[in-house]
Novice: 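Quick one: the structure is below, and I'll ask about it shortly.
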Amino acid sequence: MQDLRTKERNVLLAKNAPHIFLSGDTPRLIDEWQEVAFIWDQIRFEVDKRNAMGQFILTGSATPLDEDAYSHSGIGRIVPMRMRTMSLFESGDSTGAVSLKALFDGNLELGILNETSLEEYAYLVCRGGWPGAIDLAEKPALAQAFDYYDGVVKSDINRADGVTKNEERVRRIMRSFARNQGSQVATTVIANDIMANEASSVNEDTVHSYITALKKIFVVEDMAAWNP
């Protein structure tokens, strides 16, 4: 649904002939499915009619703008799965030899020598786990991360709820999140943090709306409390 050459045609087909839109070899993948969120109910119907597993894969980089476009939750038919970026083990930058489970089970004699330098770790953190960056040289790999950040600030966050936002304010909120990473932080704290570097005032409701939009496009995520 991202290809401008075919998007309009696909949207019309999904609206007027959803059974044709969903026909073809399976599993049938609909990328950026939130662009045609209304197709959800038809997919649920097709799953029931075909009575078979693995018929469709719906992928998207944002939650649907209109969450009222479909009436059924999909329970029992559609399983949601959050895909995060690659871990260091998945990208091949870690051997995966140290097991957290083994450590909690009392195996403290793993004898692993870590030869990764502090500078290398800093690079890996900044590069991130985007599959497209894994095999790139350092400079273009880092540039890709900056491009993603710019894309979020300038356009993606606006598509989350259809409201145009102040670019500099988005940057300040994301910087505040970075400064408070790994800790519990209230909206008031972030509001005060960005006001320390901004001439105009900003209220908590505005900050909350920005954070909600960032969550909808999977840029920030509230982590549940962790217990070993």
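Nothing fancy with the numbering, it's 1 onward along the sequence.
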Novice: Of all the heavy-atom pairs spanning L142 and R127, show the shortest one and how long it is.
Specialist: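 Scanning both residues completely, I find the closest heavy atoms to be CD2-N, 3.8 Å.
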
Novice: Could you tell me the separation between the OH atom of Y123 and the CG atom of L118, rounded to the nearest 0.5 Å?
Specialist: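 It is 15.5 Å, given to the nearest 0.5 Å.
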
Novice: Does the side chain of P131 come within less than 4.5 Å of E90's, by heavy atoms?
Specialist: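 No, their side chains stay 4.5 Å or more apart.
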
Novice: If you round to the nearest 0.5 Å, how far is CD1 of I78 from CD1 of I43?
Specialist: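 The CD1 atom of I43 sits 6.0 Å away from the CD1 atom of I78.
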
Novice: State yes or no: do F38 and L58 share one hydrophobic cluster built from I, L, V, M, F, W and Y residues joined by side-chain heavy-atom distances below 4.5 Å, directly or via other members?
Specialist: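 Looking at the clustering, L58 is in the same group as F38.
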
Novice: Looking at every non-hydrogen atom in both residues, tell me the closest pair between L22 and F56 and how far apart they are.
Specialist: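 Here L22 and F56 meet closest at O-CE2, 3.6 Å.
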
Novice: Any side-chain heavy-atom pair from I190 and M195 closer than 4.5 angstrom?
Specialist: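 No - every pair of side-chain heavy atoms lies 4.5 Å or more apart.
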
Novice: Work out which heavy atom in Y121 is nearest to a heavy atom in L88; give both atom names and the distance.
Specialist: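 Minimum heavy-atom contact is CE2-CD1, 4.4 Å.
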
Novice: Between E35 (side chain only) and E32 (backbone N and O only), is there a donor and an acceptor less than 3.5 Å apart?
Specialist: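 It does not hold such a pair.
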
Novice: Which pair of non-hydrogen atoms, one from G54 and one from P27, has the smallest distance, and what is that distance?
Specialist: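 Between these two residues, the closest heavy atoms are O-CB, 3.3 Å.
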
Novice: Under 4.5 Å between side-chain heavy atoms, hopping through other hydrophobics if needed: is there a path connecting V185 to V207?
Specialist: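 Per the 4.5 Å side-chain linkage, V185 and V207 are co-clustered.
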
Novice: Would a 4.5 Å heavy-atom cut-off, applied to side chains only, mark I217 and I157 as touching?
Specialist: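 A side-chain contact under 4.5 Å exists here.
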
Novice: Just checking L100: does its CG atom have more than 12 heavy atoms from other residues, nucleotides or ligands closer to it than 6.0 angstrom?
Specialist: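 No, CG of L100 has 12 or fewer neighbouring heavy atoms, counting only those of other groups under 6.0 Å.
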
Novice: Determine whether W33 and M1 make a side-chain contact, defined as any pair of heavy atoms from C-beta on separated by less than 4.5 Å.
Specialist: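 No; the side chains remain at least 4.5 Å from each other.
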
Novice: Strictly by modelled atom types, are S155 and N158 linked by a side-chain donor-acceptor pair under 3.5 Å?
Specialist: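 No - no donor-acceptor pair under 3.5 Å links their side chains.
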
Novice: From D3 CG over to T6 OG1, what is the distance, rounded to the nearest 0.5 angstrom?
Specialist: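 Nearest 0.5 Å value for the CG-OG1 distance: 4.0 Å.
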
Novice: Looking only at atom types and distance, does a side-chain atom of T212 sit under 3.5 Å from a main-chain N or O of H208, one as donor and one as acceptor?
Specialist: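 Side chain of T212 to backbone of H208, a donor-acceptor pair under 3.5 Å: yes, one is there.
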
Novice: Would the distance check show the side chain of N180 and the main-chain N or O of S176 forming a donor-acceptor pair, the cut-off being under 3.5 Å?
Specialist: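 Yes; judged by distance alone, with no hydrogens or angles, the pair exists.
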
Novice: Could you tell me whether a side-chain N or O of N203 sits under 3.5 Å from a main-chain N or O of T206, the two making a donor and an acceptor?
Specialist: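 Flag set: sc N203 to bb T206 pair under 3.5 Å.
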
Novice: Tell me, with the steps shown, if L29 and D31 meet side chain to side chain contact (heavy atoms under 4.5 Å, CB included).
Specialist: CA-CA 6 Å; L29 188 147; D31 188 29; 3.9 Å; yes

Novice: What is the distance from atom CD of Q184 to atom CG of D222, rounded to the nearest 0.5 Å?
Specialist: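 So the gap between those two atoms works out to 10.0 Å.
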
Novice: Apply side chain to side chain contact (heavy atoms under 4.5 Å, CB included) to residues M81 and T59 and explain how you reach the verdict.
Specialist: CA-CA 10 Å; M81 181 182 295; T59 59; over 6 Å; no

Novice: When rounded to the nearest 0.5 angstrom, what is the spacing between CH2 in W130 and OG1 in T85?
Specialist: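 The distance works out to 5.5 Å.
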
Novice: Looking only at atom types and distance, does a side-chain atom of T26 sit under 3.5 Å from a main-chain N or O of R28, one as donor and one as acceptor?
Specialist: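 Checked: no pair found.
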
Novice: Treat each ILVMFWY residue as a node, draw an edge where side-chain heavy atoms are under 4.5 Å apart, and state whether V219 and M86 are in one component.
Specialist: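 Different clusters: V219 never reaches M86 through Ile, Leu, Val, Met, Phe, Trp or Tyr contacts under 4.5 Å.
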
Novice: Is any side-chain heavy atom of V152 closer than 4.5 Å to one of M174?
Specialist: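 The answer is yes, as the side chains (C-beta and beyond) meet within the 4.5 Å cut-off.
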
Novice: Just wondering, do R175 and I194 contact through their side chains at under 4.5 Å, heavy atoms?
Specialist: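 The answer is no; the side chains never approach within 4.5 Å.
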
Novice: Show your reasoning for whether side chain to side chain contact (heavy atoms under 4.5 Å, CB included) applies to E167 and K154.
Specialist: CA-CA 6 Å; E167 288 184 19; K154 295 178 179 179; 3.7 Å; yes

Novice: Mind checking whether F45 and H19 have side chains closer than 4.5 Å, heavy atoms only?
Specialist: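 No - every pair of side-chain heavy atoms lies 4.5 Å or more apart.
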
Novice: Going by salt bridge (charged side-chain N to carboxylate O under 4.0 Å, His left out), E221 matches just one of K215, R84, K216. Which one?
Specialist: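 The option that passes is R84.
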
Novice: Can you give me the closest heavy-atom contact between A145 and C126, atom names plus distance?
Specialist: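 In terms of heavy atoms, the two residues are closest at CB-O, 3.6 Å.
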
Novice: What closest approach, in Å, do K15 and P18 show between heavy atoms, and which atom pair accounts for it?
Specialist: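 Nearest heavy atoms, K15 then P18: O-CD, 4.0 Å.
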
Novice: Within a strict 4.5 Å, meaning less than it, do heavy atoms of the F21 and I30 side chains meet?
Specialist: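 In contact.
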
Novice: Looking at I20, is its backbone amide N or carbonyl O close enough to the side chain of S23 to form a donor-acceptor pair, meaning the two atoms are under 3.5 Å apart?
Specialist: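 Yes: the side chain of S23 pairs with the backbone of I20.
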
Novice: Is there a path of hydrophobic side-chain contacts, each under 4.5 Å between heavy atoms, that joins F218 and V220?
Specialist: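 Each belongs to a different hydrophobic cluster.
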
Novice: Out of curiosity, D161 CG to Y210 OH, how far, rounded to the nearest 0.5 Å?
Specialist: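 Rounded to the nearest 0.5 Å, the CG-OH separation comes out at 9.5 Å.
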
Novice: For K7 and R5, indicate whether the former's side chain and the latter's backbone hold a donor-acceptor pair under 3.5 Å.
Specialist: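 Absent.
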
Novice: Ignoring hydrogens and geometry, is there a side-chain-to-backbone donor-acceptor pair from D193 to V189 under 3.5 Å?
Specialist: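 No, because the side chain of D193 does not come within donor-acceptor range (under 3.5 Å) of the backbone of V189.
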
Novice: If we ignore hydrogens and angles and just use 3.5 Å, is the side chain of Y149 paired with the main-chain N or O of Q144 as donor and acceptor?
Specialist: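 No; judged by distance alone, with no hydrogens or angles, the pair does not exist.
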
